[in-house]
Amino acid sequence: MKLHISLLLAAGAATSSTAHAEETLRFCDPDPVADCVVDPTATPSATTFHTIQAAADTFGCGTVAITPGVYTEDLVLTDNVRLQSTVPGTLVNLTPATAGASPLVVANGIVLLTDIDISGAVGAPGVDISADGWVQMCDSRVRDNSNTDDGGGFRVAGNLEVWDSEIRDNTTNASGGGIALLGDVFVRLIDSVLEHNQALGTALSFPPDPMSTDGRGGNVWAVDGSVELTRTTVTDGFAKTHGGNMALEAPAHGNATESTLSFGLADWGSGGSLHLEGSFSANDSTFSDSEAWVGGLISVSGDGFGALMGTDLLRGTAYLRGGCAAVSTTGVGRLGMSGGRAEGCRIPMEIEDVIEWGQMLGTHDAQGDPIGNPLLAPHPTPCLIPPSPQLPFPCSLGLNLVSLNRFWGAAFYAQGSAEIPDGESTHVPLSLSQVSIIDAQAGTPSTYLTCPAWWMCGNVAIPGEGALSFGSAVFADLEDGGTVRLNQVGVTDSFAHMGTTYLLGMPDHDPFVQEAQLNLYDVFYMGNDVVEFGGGFFANNGSVAGEQVMAIDNTLSPGAKSMFFAVDSFVVLGRLVAIGNTSDSATVLHTIGSTLSYVYNSFLMGNVARVRVGGITFADESIGQIMATTMVDNESLGSRAHQLFVRDDAMGVLIGTAIGRVGPAPGVSLPDCAYVTPPSGSGIPVVSAVESADMDASCVDTSMANVIGSGNLLGLVSLGLVPDPSGMGLWPAATSPLLDAAPSMPGFIADDISGTPRPQGVASDIGAMERPVGAPLP
């Protein structure tokens with residue numbers, strides 16, 4: 001039969017791997033010659049019928065052409081058939097004849113639909129595909145259907161392919177407003193639109209249980225199988241719990257290529273656009289303008305795995321954690337991102353009162369005053385991003401915004417680790433590569449809250465803690481171990497209280513055995529701001545390893561300290577470039593507690609402290625070592641020292657480091673290089689880092705401290721530095737006293753900040769840059 005030949009061609013088109021092969025092999029282009037015709041006004045014959053069902057049930061009607069109009073039928077198809085309009089481009093409308101019935105049930109066979117509009121189901125899906133059915137739809141529409149069970153537009157237990165079609169305005173009182181995948185099935189959408197489908201859920205509890213599988217996946221929900229999107233728009237989805245646009249349970253898999261997922265809302269759960277407990281990959285796609293409690297755009301839970309390549313995350317809003325994305329799991333969930341941007345994601349709310357669940361009688365304004373009835377207005381007008389995170393919202397804050405525990409991770413949030421059977425922690429929750437994080441802003445709550453779980457927050461407040469917001473760009477809560485990796489990532493124009501990148505490890509750990517890790521490689525911080533600590537990173541009981549980290553022109557708010565701040569942590573920073581940053585104190589690096597830190601091959605220039613130290617501070621009982629580093633023209637406008645401050649019972653060591661001036665010294669009368677305080681009485685000796693025969697008397701004030709160090713030059717009127725041709729910083733001039741003057745360096749300093757091997761002469765040069773032998777003057 002002709003139909004069987006066309007179906008073989010359809011299968012070939014559906015599986016073709018040739019780029020854009022579908023443009024020439026579209027399976028559902030109308031057949032120019034129909035076997036049968038449906039026309040209610042025509043005289044019936046062997047090939048002419050008044051109903052679609054009668055034609056489809058007739059042997060020999062492989063291709064049925066239908067006269068455009070409205071057909072009220074409960075259509076059940078049990079064999080291969082093609083349904084198409086007699087007028088290409090003009091839709092045939094199919095609606096149900098019986099309450100609680102679907103307009104189209106595909107019980108068996110392959111069904112091809114072209115120019116078909118399916119709508120009006122109440123209590124059933126628009127299209128119900130059984131395990132033995134396969135629907136291939138083109139230039140068609142499934143709309144305005146409402147189901148009480150899973151799947152508003154489609155309930156798929158077979159397979160579904162959709163080309164150049166719309167699935168919109170469908171609802172379900174369970175999960176999967178647009179499409180529900182209910183088994184190991186395959187769904188593919190090409191050049192299509194999923195829009196304004198809603199998974200309303202059946203939960204009557206207030207608030208709904210976020211662990212429930214009910215009310216998930218506004219546009220798409222899959223318990224298994226595979227969802228493939230190609231040049232497809234998935235937008236304006238609503239889920240009562242998780243996955244405003246899409247929710248994939250384990251072991252379901254999804255893929256998006258050149259597609260957009262936008263304007264999703266996960267009303268009481270996670271993943272404004274995508275909630276992931278299965279696996280998902282995206283290539284050259286965009287997630288944008290979506291909202292959720294956790295993970296404004298994407299959330300990963302359980303053992304979920306997401307991989308984003310060349311994909312942008314834009315303008316996500318989370319009310320708790322992860323404005324762009326959140327990996328919050330006790331499994332081995334992971335999210336990897338290579339290429340693309342993360343821009344405009346935030347946690348923007350300001351809540352002045354803390355309200356118990358029992359007190360939530362209606363929606364609340366920014367002061368928490370009841371102004372409505374939740375039964376009449378359970379979801380208030382959403383608050384949009386304000387012009388400033390310090391300003392109150394010019395709209396009402398609804399019930400789902402008033403019980404925040406912390407303002408964490410306005411861009412990315414990662415939590416937890418897995419104990420696999422052999423007892424080893426293997427969780428690597430977040431990996432970002434070649435990503436630009438822009439304008440991520442955490443809000444400013446007036447009360448710091450603690451809760452046993454994020455969905456159980458009440459009025460548990462700690463008085464006096466003040467307003468805290470952590471990790472506007474990346475927040476990592478890794479108390480059981482784990483790693484966050486940032487590779488070729490830019491964080492710009494972001495705002496937070498503590499750390500645009502925030503790492504929280506296991507409390508009270510020895511800094512030498514930290515399990516929670518933050519790995520930075522080729523990471524760029526620019527134009528960021530904080531209120532307290534860490535305009536770049538804030539490490540608390542964690543381990544940070546950074547290589548090729550740049551901090552340029554960040555201006556921290558009054559009261560803030562340091563681009564990089566570490567408490568009870570282990571920190572290694574190599575090839576750090578910090579230029580033109582401004583803060584109150586220790587503008588580049590501040591370590592406290594039992595922190596052990598190493599800085600090497602680094603260049604710090606023109607950083608300004610409004611109050612204390614323009615460069616680096618080692619405080620409390622921290623230990624810091626600075627090797628092969630250049631610190632020039634850093635400045636304090638207040639007290640202490642311009643460039644280096646070693647205080648309390650801290651220890652600091654400089655090896656092969658240059659500290660001084662390129663231009664004239666500032667007018668403020670302070671030690672131009674370093675200030676070292678005497679011991680505070682704990683018995684730990686203070687060690688400055690300032691041994692050199694060539695230093696100005698005013699360069700270092702060591703008070704009663706011990707002074708040790710090796711091969712440094714500090715405080716010379718001129719260190720003989722000139723711009724190097726690579727633009728990496730300043731290297732020694734041909735006559736500089738820094739040339740061939742450094743001591744023997746550790747093995748990991750085998751080259752300089754630009755990659756030039758050390759030494760070039762009889763010994764390494766002092767400072768961050770090694771002048772090559774035979775380099776041109778100066």
Side-chain angles (χ1 to χ4, degrees), residues 125-126 141-147 150-156 160 162 165-181 187 189 192-203 208 210 212-223 227-229 232-249 252 254-256 259-278 280 282 285-299 306 313-319 324-326 378-379 382 400:
R141 187 168 61 191
V142 176
R143 61 178 177 87
D144 298 309
N145 299 284
S146 176
N147 191 8
D150 298 323
F154 285 89
R155 180 167 59 195
V156 182
L160 171 65
V162 178
S165 297
E166 296 180 5
I167 303 169
R168 61 177 176 83
D169 298 314
N170 301 284
T171 63
T172 173
N173 288 338
S175 294
I179 303 173
L181 287 73
V187 171
L189 296 99
S192 295
V193 174
L194 273 158
E195 180 178 13
H196 196 233
N197 299 288
Q198 301 182 69
L200 301 177
T202 58
S212 171
T213 58
D214 194 28
R216 295 189 175 197
N219 280 308
V220 179
W221 178 62
V223 297
V227 179
E228 180 180 310
L229 309 175
T232 288
T233 297
V234 183
T235 187
D236 199 24
F238 174 89
K240 189 66 175 179
T241 54
H242 304 310
N245 277 320
M246 182 181 295
L248 302 181
E249 317 294 337
N255 172 264
S259 296
T260 298
L261 288 85
S262 63
F263 295 100
L265 173 61
D267 196 29
W268 284 97
S270 304
S273 263
L274 172 65
H275 176 71
L276 188 58
E277 298 179 17
F280 189 87
S285 295
T286 300
F287 292 80
S288 73
D289 301 291
S290 298
E291 302 177 34
W293 278 75
V294 174
L297 298 174
I298 299 174
S299 64
L313 305 181
L314 309 176
R315 298 177 299 278
T317 298
Y319 306 130
C324 275
H379 187 72
N400 55 345

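- The minimum heavy-atom distance between Gly295 and Ala292, with the atom names listed, is O-CB, 3.5 Å.
- With values rounded to the nearest 0.5 angstrom, Leu276 atom CG is found 9.5 Å from Glu249 atom CD.
- Listed here is the closest heavy atom pair of Gly264 and Ser273: N-OG, 4.4 Å.
- At least one donor-acceptor pair closer than 3.5 Å links the side chain of Ser175 to the backbone N or O of Gly215.
- Legend: residues meeting side-chain hydrogen bond (donor to acceptor under 3.5 Å, both in side chains) with Thr232, ordered by chain and number and at least two apart, are absent.
- Contacts of Ser299 classified as side-chain hydrogen bond (donor to acceptor under 3.5 Å, both in side chains), with partners at least two apart in sequence or in another chain: His275.
- Summarising the geometry, atom NZ belonging to Lys240 is positioned 11.0 Å from atom CG belonging to Asn173; distances are rounded to the nearest 0.5 Å.
- The shortest non-hydrogen separation linking Gly151 to Pro125 is O-CB, 3.4 Å.
- By the side-chain contact (heavy atoms from CB on, under 4.5 Å) test, Val187 pairs with Val156, Leu160, Ile179, Leu181, Leu189, sequence neighbours left out.
- Judged by distance alone, with hydrogens and angles left aside, the side-chain atoms of Asn245 form a donor-acceptor pair with the main-chain N or O of Ser262 at under 3.5 Å.
- Considering Val227, Ile298, Asn219 in turn, Val227 is the only one that fulfils the side chain to side chain contact (heavy atoms under 4.5 Å, CB included) rule with Met246.
- In this structure Thr171 satisfies the side-chain hydrogen bond (donor to acceptor under 3.5 Å, both in side chains) test together with Ser146, sequence neighbours excluded.
- To the nearest 0.5 Å, atoms CD (Glu195) and CD (Glu166) are separated by 7.0 Å.
- Judged as a side-chain contact (heavy atoms from CB on, under 4.5 Å), and not counting sequence neighbours, the contacts of Ala174 are Asp149, Asp150, Thr172, Asp214.
- Taking every heavy atom of both residues into account, Ala247 and His242 meet most closely at CB-O, 3.9 Å.
- Partners of Asp236 according to the salt bridge (charged side-chain N to carboxylate O under 4.0 Å, His left out) rule, which considers only residues two or more places apart in sequence or in another chain, do not exist here.
- Residues that satisfy the side-chain hydrogen bond (donor to acceptor under 3.5 Å, both in side chains) test with Asp169, not counting sequence neighbours, are His196.
- A distance of 10.5 Å separates CG in Asn197 from OG1 in Thr235, rounded to the nearest 0.5 Å.
- Summarising the geometry of Ser290 relative to Gly272, their closest heavy-atom pair is CB-C, 3.7 Å, with the distance given to 0.1 Å.
- In this structure, the salt bridge (charged side-chain N to carboxylate O under 4.0 Å, His left out) partners of Glu228, at least two apart in sequence or on a different chain, are Arg188.
- Note that CZ of Arg143 is 9.5 Å distant from CG of Asn170, once rounded to the nearest 0.5 Å.
- Between Leu194 and the choices Val142, Leu261, Val234, Thr233, the side chain to side chain contact (heavy atoms under 4.5 Å, CB included) rule is met once, by Val234.
- For the atom pair CZ of Phe263 and OG of Ser288, the computed distance is 5.5 Å after rounding to the nearest 0.5 Å.
- What you find for Leu297 and Phe287 is that their closest heavy atoms are CD1-O, 3.6 Å.
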